[in-house]
Amino acid sequence: MTVMPELPEVENICRGLTDTVVGSMVNRVTIRRVDIVRGSSRPADLLRGQTFTRIDRLGKQFALIGQTLVHKGSLNKEACVCLHLGMTGSLRFYPPGEPYRPDGHTHVVWHLTDGGRLAFRDPRRFGGLWTFDSVTTLTETRWSKLGEDALTITPARLHMKLKRTRRPIKSALLDQATLAGLGNIYVDELLFGCRLHPLYPGHEVTREETQLLVRKMRALLTRAIALGGSTLKDYVDTSGRSGGFQRVHKVYGRSGQACPRCGLPLVRIAVAGRTTVFCEDCQASVMSRSERVAKDY
DNA sequence: CCTTAATCCTGGAAGC
DNA sequence: TGCTTCCAGGATTAAG
């Protein structure tokens with residue numbers, strides 16, 4: 001089973017990058033597929049000649065931040081590359097001396113002066129890469145459209161967002177403008193953990209239910225990070241390393257199978273065009289209108 | 001303004 | 001066995 005890069009996977013990639021490439025200098029950048037660099041970015045400037053100073057993350061997106069020493073110790077020219085892995089994207093670090101063979105899906109390779117390499121690979125190319133002249137520009141022009149990070153958002157802030165939408169809670173939680181980091185897998189797992197119906201309208205979610213959501217969400221994500229972290233060594237990638245990383249899905253991908261809580265068959269519907277699996281019995285805590293909608297399926 | 005639907009893309013699974 | 005069809009997913013864009 002493929003590992004989808006949601007927040008926990010991305011967080012582990014960032015930690016891996018911090019341990020491996022931060023401090024290294026980029027000697028050369030190979031762009032094997034130009035259109036993987038999105039927007040008006042100039043592909044030639046993907047931190048070439050710069051030193052990785054920091055890795056930032058917001059939700060599922062993260063940024064490689066580099067600096068160039070223009071004058072000795074006085075003026076630093078900053079730049080950064082924002083990455084989004086989409087569905088099948090991965091970033092893998094090859095230590096100096098380790099052979100690597102780029103295939104047709106390896107789109108960008110950073111060659112470091114110490115001989116290490118960093119390779120971005122994405123078969124389906126839902127992912128991409130954006131360049132900015134500073135972290136501030138990235139934050140103001142791109143990350144400003146995202147909600148708060150799923151790991152740090154407070155119940156009060158989430159409740160504020162949910163209150164003003166009539167969309168199903170699942171749609172709202174998938175929307176990165178509501179909060180950043182959740183994907184289809186974790187949303188289904190989270191709603192099951194909170195016993196909330198996926199079609200429950202956002203504005204009907206109570207303060208108490210939002211508190212439960214945030215509490216469960218933090219626990220879920222933290223646990224997933226810990227599980228993924230145990231497999232990290234030299235590699236910055238999570239796909240292709242299955243050892244020890246079997247995520248325990250209670251509902252995702254288990255439609256028709258027994259609900260782990262009550263034993264009834266899990267049901268599969270479509271919400272916001274996404275496959276949604278849940279337990280009609282355990283997650284029946286919907287009110288009036290939405291309950292009728294749910295029953296229509 | 002709010003919400004939904006189509007679009008992108010490829011590999012793997014399922015169907016004939 | 002080999003071919004075709006369908007499906008999975010996140011974010012952007014267009015349309016309702």
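All chains are named by letter (A, B, ...) in the order of the sequence lines, taking the proteins before the strands, and each is independently numbered beginning at 1.
- Residue contacts for A/Arg268: at a heavy-atom cut-off of 4.0 Å it reaches the sugar-phosphate backbone alone, with no base atom in range.
- The nearest whole Å value for the distance from the CZ atom in A/Arg166 to the C1' atom in B/dC1 is 14 Å.
- Proximity of A/Tyr252 to the phosphate of C/dG9: a side-chain N or O atom is located under 4.0 Å from OP1 or OP2.
- Between A/Leu83 atom CG and C/dG10 atom P there is a gap of 18 Å when expressed in whole angstrom units.
- By the stacking rule of 5.5 Å between ring centres and under 30° between planes, A/Phe126 stacks on the base of C/dG10.
- Between A/His203 atom NE2 and B/dC1 atom P the separation is 20 Å, expressed in whole Å.
- A cation-pi geometry, defined here as NZ or CZ lying under 6.0 Å from the six-membered ring centre and within 45° of its normal, does not hold between A/Arg117 and A/Trp110.
- B/dC2 atom C1' lies 9 Å from atom CZ of A/Arg167, rounded to whole Å.
- The side chain of A/Lys145 places no N or O atom within less than 4.0 Å of a non-bridging phosphate oxygen (OP1 or OP2) of C/dA11.
- Counting only heavy atoms from C-beta on, A/His105 has its side chain closest to B/dT10 among B/dT10, C/dG10, C/dA11.
- Put simply, CE on A/Met87 is 11 Å from C1' on B/dG12, counting in whole angstrom units.
- Close to C/dA11, at under 4.0 Å from its OP1 or OP2, lies a side-chain N or O of A/His84.
- Nucleic acid contact class of A/Arg142 (heavy atoms, under 4.0 Å, all strands): sugar-phosphate only.
- When rounded to the nearest whole Å, the span between CZ of A/Arg125 and C1' of C/dA11 equals 16 Å.
- Within the structure, a side-chain polar atom (N or O) of A/Thr165 is placed less than 4.0 Å from OP1 or OP2 of B/dT3.
- Atom CG in A/Leu182 sits roughly 15 Å away from atom P in C/dG9 (whole-Å rounding).
- We find the CG-SG distance between A/Asp19 and A/Cys14 to be 11.5 Å, quoted to the nearest 0.5 Å.
- Salt bridge present: A/Asp149 and A/Arg57 bring a charged side-chain N and a carboxylate O closer than 4.0 Å.
- Relative to the ring axis of A/Phe278, A/Arg195 does not place its NZ or CZ within 45° and under 6.0 Å from the centre.
- Using a 4.0 Å heavy-atom distance criterion, A/Thr275 is classed as a sugar-phosphate-only contact.
- When the P atom of B/dT10 is taken as reference, atom CG of A/Asp122 falls 10 Å away, rounded to whole Å.
- Both A/Arg274 and A/Ser171 lie near DNA chain B, and the one whose nearest nucleotide falls closer to the 5' end is A/Ser171.
- At a threshold of 4.0 angstrom between heavy atoms, the contacts of A/Gly183 are confined to the sugar-phosphate backbone, with no base atom among them.
- Remark: the A/Arg124 side chain and the C/dA8 base include a donor-acceptor N/O pair separated by less than 3.5 Å.
- We find that A/Arg157 and A/Glu148 are joined by a salt bridge, their nearest charged nitrogen and carboxylate oxygen being less than 4.0 Å apart.
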